[in-house]
Amino acid sequence: MSKKILLGVTGSIAAYKALDLTRLLRQDGHDVQMVATKNALRFLPRLTAEVFTGHPLYSDMFDPACSVRHIDLARECDALLVAPASADFLSKMALGLADDLLSTLCLAATCPVLVAPAMEENMYLHPAIREHRKTLTARGVYEIAPETGPLASGKEGLGRLASMEAIRKALDICLTRNGRWSGIRVLVSAGPTHEPIDPVRFIGNRSSGKMGYALATACASRGAHVTLVSGPTALSPPAGVDIRQVTSAQELENSINQAFPDHDICFMAAAVSDYRLTLPHPEKRKKDGNSWTLTLEENPDILAGLSRLKAPDQFLVGFAAESKLDHKKLLDKLRKKGADMLLANNISQPGIGFSSDENEITMLLPDGSSLCMGKHPKAVLANKILDEVEKVWRFPPRSRQ
Ligand code: PMT
């Protein structure tokens with residue numbers, strides 16, 4: 001599998017390892033184009049790099065050889081790997097700065113982007129860098145975690161560039177993943193629904209949309225076409241995703257049912273209100289000293305409805321928010337809803353599930369088998385979920401497009 005790899009090198013003592021990496025990637029049959037930052041060139045001999053890649057090394061945005069080509073470079077590559085990625089460069093990527101060739105390419109790239117950080121332990125664990133890494137992961141950038149070992153300072157610690165083998169493996173995963181999800185049409189629902197009581201009040205829940213948005217981002221970064229049907233959230237739409245905003249469960253149902261036939265797989269991560277007001281008040285109800293009784297009626301079960309519309313090659317993933325994970329009850333829920341996979345969230349502890357950045361998920365399949373995926377940031381779990389889907393779903397040979 002020969003691919004075009006754009007290898008970004010930044011200012012780190014580990015920059016010389018980019019040469020070894022180039023040699024290995026070329027042995028694997030890949031074509032490697034190197035782009036180095038100004039600081040990387042303090043550690044990396046240009047001529048050696050050009051001999052190793054067999055291409056001119058680009059660095060200067062205003063070099064006539066690449067000033068016109070720079071968008072092509074981003075467009076033509078199958079993966080953009082920044083190794084080593086310095087603290088400064090990770091921060092730049094997270095902020096979307098583009099003041100040199102490599103950072104501009106990172107913004108222009110539509111292929112999978114991987115970063116292999118290398119720096120002192122205190123820098124890697126600094127809250128600013130942690131936040132930037134989190135931002136990048138949430139956007140679908142694949143971080144190849146550094147290793148613990150001797151550092152340039154002479155101390156032992158976390159921050160050594162990942163091993164060549166780990167980088168190669170991560171690249172392989174991204175390149176293959178991109179192949180499997182490429183062109184697959186994914187439908188994701190996310191966030192809460194708001195059921196109107198009157199023009200200013202509603203019944204809602206604490207869903208932030210983070211889990212569904214993380215799934216949409218992960219699918220898009222693997223090359224899928226993603227439609228995200230979102231209830232009211234404070235989140236920005238993920239890049240490259242077709243977003244449809246809805247408010248109530250009935251609007252969500254209409255939007256999902258309309259889109260479903262054109263999609264290969266659907267993730268129902270939305271926290272749909274089970275009830276709505278039978279008769280919402282047309283005007284704001286004034287306080288009048290009396291008690292107020294609201295009459296509620298059941299909303300349609302959207303997921304169960306989809307399972308009745310489902311074609312044999314479509315795949316349906318449901319979620320369940322549970323305070324106590326009872327395997328038998330969950331299996332009943334999965335079968336009653338007709339899903340092909342159920343992802344049960346543990347919402348018994350603060351800091352996981354609704355609204356938080358982390359979640360704890362157990363996956364169940366119709367044959368009764370289950371897998372505890374553990375507690376992770378939602379962006380990490382989204383990728384773990386996609387890995388599990390890859391194991392059980394027979395991907396359609398071509399998209400329905
Ligand atoms: O949005 P976040 O803050 O990131 O939180 C994520 C989450 C906890 C909301 C999410 O991971 C999750 O679990 N979503 C589903 C929550 C839920 O509504 O669970 P449920 O057990 O009530 O519903 C089971 C399944 O049926 C869900 O897939 C739900 O989308 C679907 N459903 C529920 C009711 C209904 N009327 N129609 C439905 O389709």
Side-chain angles (χ1 to χ4, degrees), residues 134 138 187-195 203-218 228-236 238 246-257 259-260 265-277 296-310 315-326 329-364 373 375-382 384-386 389:
K134 216 162 98 185
L187 181 61
V188 182
S189 75
T193 63
H194 287 180
E195 309 302 321
I203 298 173
N205 60 65
R206 294 184 197 283
S207 167
S208 62
K210 287 177 189 168
M211 191 65 239
Y213 277 55
L215 268 168
T217 303
L228 174 62
V229 182
S230 173
T233 74
L235 304 174
S236 312
V246 295
T247 305
S248 66
Q250 280 177 308
E251 285 175 24
L252 180 67
E253 185 191 34
N254 290 342
S255 186
I256 288 278
N257 282 356
F260 186 60
I265 177 165
C266 173
F267 294 93
M268 277 295 293
V272 186
S273 174
D274 286 319
Y275 291 91
R276 65 167 181 265
L277 241 73
L296 305 179
E297 64 186 26
E298 260 192 39
N299 266 326
D301 189 321
I302 305 170
L303 179 59
L306 290 180
S307 74
R308 291 188 287 273
L309 298 174
K310 193 170 91 76
F315 198 79
L316 200 50
V317 183
F319 276 76
E322 306 284 334
S323 310
K324 203 167 150 221
L325 296 187
D326 177 327
K329 284 193 181 143
L330 284 171
L331 198 55
D332 284 349
K333 189 172 208 165
L334 181 151
R335 289 179 179 154
K336 210 167 112 198
K337 300 234 179 200
D340 298 300
M341 176 183 278
L342 190 74
L343 301 165
N345 304 234
N346 179 355
I347 53 162
S348 64
Q349 299 157 33
I352 50 173
F354 280 86
S355 299
S356 55
D357 290 337
E358 295 203 318
N359 212 354
E360 188 175 292
I361 284 189
T362 298
M363 179 199 72
L364 267 97
M373 295 185 186
K375 180 178 155 190
H376 298 283
K378 286 175 177 168
V380 172
L381 270 174
K384 287 186 178 288
I385 291 167
L386 300 192
V389 169

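Numbering of residues begins at 1 and proceeds along the displayed sequence. In listed order, ligands and their atoms are each counted from 1.
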Peer 1: Should I347 be counted as touching ligand 1, given the test is an N or O pair under 3.5 Å?
Peer 2: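 N/O-N/O distance under 3.5 Å: no.
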Peer 1: Roughly how far, to the nearest 0.5 Å, is OG of S323 from CD of Q349?
Peer 2: 11.0 Å
Peer 1: Considering non-hydrogen atoms of the protein only, which is the closest contact for atom 32 (N) of ligand 1, and what is the distance?
Peer 2: K337 NZ, 3.7 Å
Peer 1: Which atoms form the tightest heavy-atom contact between P238 and T217, and what is the distance?
Peer 2: CB-OG1, 3.5 Å
Peer 1: Go through ligand 1 atom by atom and flag the ones less than 4.0 Å from a non-hydrogen atom of K210.
Peer 2: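 In order of number, 1 (O), 2 (P), 4 (O).
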Peer 1: Checking the N or O distance criterion of under 3.5 Å, is ligand 1 in contact with S356?
Peer 2: no
Peer 1: Run the numbers for me: atoms of ligand 1, each under 4.0 Å from some heavy atom of K333, listed by number.
Peer 2: 20 (P), 21 (O), 24 (C)
Peer 1: Does the residue P192 have a heavy-atom contact with ligand 1, meaning some pair of atoms that are separated by less than 4.0 Å?
Peer 2: no
Peer 1: For side-chain contact (heavy atoms from CB on, under 4.5 Å), just list the numbers for I385 and M211, CA-CA rounded to whole Å, side-chain angles, deciding distance to a tenth of an Å, and then say yes or no.
Peer 2: CA-CA 11 Å; I385 291 167; M211 191 65 239; 4.0 Å; yes
Peer 1: Output, in order, the C-alpha distance, side-chain angles, deciding distance and verdict of salt bridge (charged side-chain N to carboxylate O under 4.0 Å, His left out) for D301 and K336.
Peer 2: CA-CA 11 Å; D301 189 321; K336 210 167 112 198; over 6 Å; no
Peer 1: With heavy atoms of D274 as the reference, note each atom of ligand 1 found under 4.0 Å away.
Peer 2: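 Those of ligand 1 that fall under 4.0 Å from D274 are 34 (C), 35 (C), 36 (N).
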Peer 1: NZ of K134: more than 12 outside heavy atoms within 6.0 angstrom?
Peer 2: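 Not buried by this count: 12 neighbours or fewer within 6.0 Å.
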Peer 1: Within a distance under 4.0 Å of any heavy atom of M268, pick out the atoms of ligand 1 and give their elements.
Peer 2: 27 (C), 28 (O), 30 (O), 39 (O)
Peer 1: Closer than 4.0 angstrom: is that true for some heavy atom of A249 and an atom of ligand 1?
Peer 2: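 Distance cut 4.0 Å: A249 fails for ligand 1.
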Peer 1: Using a strict cut-off of 4.0 Å, indicate which atoms of ligand 1 neighbour a heavy atom of G318.
Peer 2: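 Near G318, the atoms of ligand 1 are 28 (O).
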Peer 1: To check your reading of the model: name the closest protein heavy atom to atom 19 (O) of ligand 1, its residue, and the distance in Å.
Peer 2: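 Here the nearest protein heavy atom works out to A321 N, 3.4 Å.
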Peer 1: Looking only at protein heavy atoms, which one is nearest to atom 39 (O) of ligand 1, and what is the separation?
Peer 2: L303 N, 2.8 Å
Peer 1: Would you mind finding which of R206, E253, K378 brings a heavy atom closest to atom 5 (O) of ligand 1?
Peer 2: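 The option holding the nearest heavy atom is K378.
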Peer 1: Identify which one of E251, E297, E253 satisfies the salt bridge (Lys or Arg N to Asp or Glu O under 4.0 Å) criterion when paired with R276.
Peer 2: E297
Peer 1: In terms of residue, atom name and distance, what is the protein heavy atom nearest to atom 29 (C) of ligand 1?
Peer 2: A270 O, 3.5 Å
Peer 1: Please state which protein non-hydrogen atom is closest to atom 2 (P) of ligand 1 and give its distance, to 0.1 Å?
Peer 2: S208 OG, 3.4 Å
Peer 1: Step by step, would you call S356 with K378 a side-chain contact (heavy atoms from CB on, under 4.5 Å)?
Peer 2: CA-CA 9 Å; S356 55; K378 286 175 177 168; 4.3 Å; yes
Peer 1: To check you understand the geometry: which heavy-atom pair defines the closest contact between F354 and S207, and what is its length?
Peer 2: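 Heavy atoms only, the tightest pair is CD2-N, 3.3 Å.
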Peer 1: Hey, which atoms in ligand 1 end up nearer than 4.0 Å to a heavy atom of P300?
Peer 2: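 Those atoms are 35 (C), 36 (N), 37 (N).
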Peer 1: Which residue owns the protein heavy atom closest to atom 6 (C) of ligand 1, what's the atom, and how far is it?
Peer 2: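 For this ligand atom, the closest protein heavy atom is M211 CB, 3.6 Å.
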Peer 1: Go through L215 and L386 one step at a time and tell me if the side-chain contact (heavy atoms from CB on, under 4.5 Å) criterion holds.
Peer 2: CA-CA 8 Å; L215 268 168; L386 300 192; 4.0 Å; yes
Peer 1: What's the separation between atom CG in L342 and atom CZ in R335, rounded to the nearest 0.5 Å?
Peer 2: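 Those atoms lie 11.5 Å apart.
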Peer 1: So between A271, A320, A269, whose heavy atom ends up nearest atom 14 (N) of ligand 1?
Peer 2: A269
Peer 1: Is a salt bridge present between K333 and E322, judged by a nitrogen-to-oxygen distance below 4.0 Å?
Peer 2: yes
Peer 1: Please report the shortest heavy-atom distance between C266 and L306, naming the atom on each side.
Peer 2: SG-CD1, 3.8 Å
Peer 1: Among protein heavy atoms, which sits nearest to atom 7 (C) of ligand 1, and what does the distance come to when rounded to 0.1 Å?
Peer 2: N345 OD1, 4.1 Å
Peer 1: Among all protein heavy atoms in this structure, tell me which lies nearest to atom 27 (C) of ligand 1, with the distance rounded to 0.1 Å.
Peer 2: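 Atom 27 (C) of ligand 1 sits closest to the protein heavy atom F319 O, 3.0 Å.
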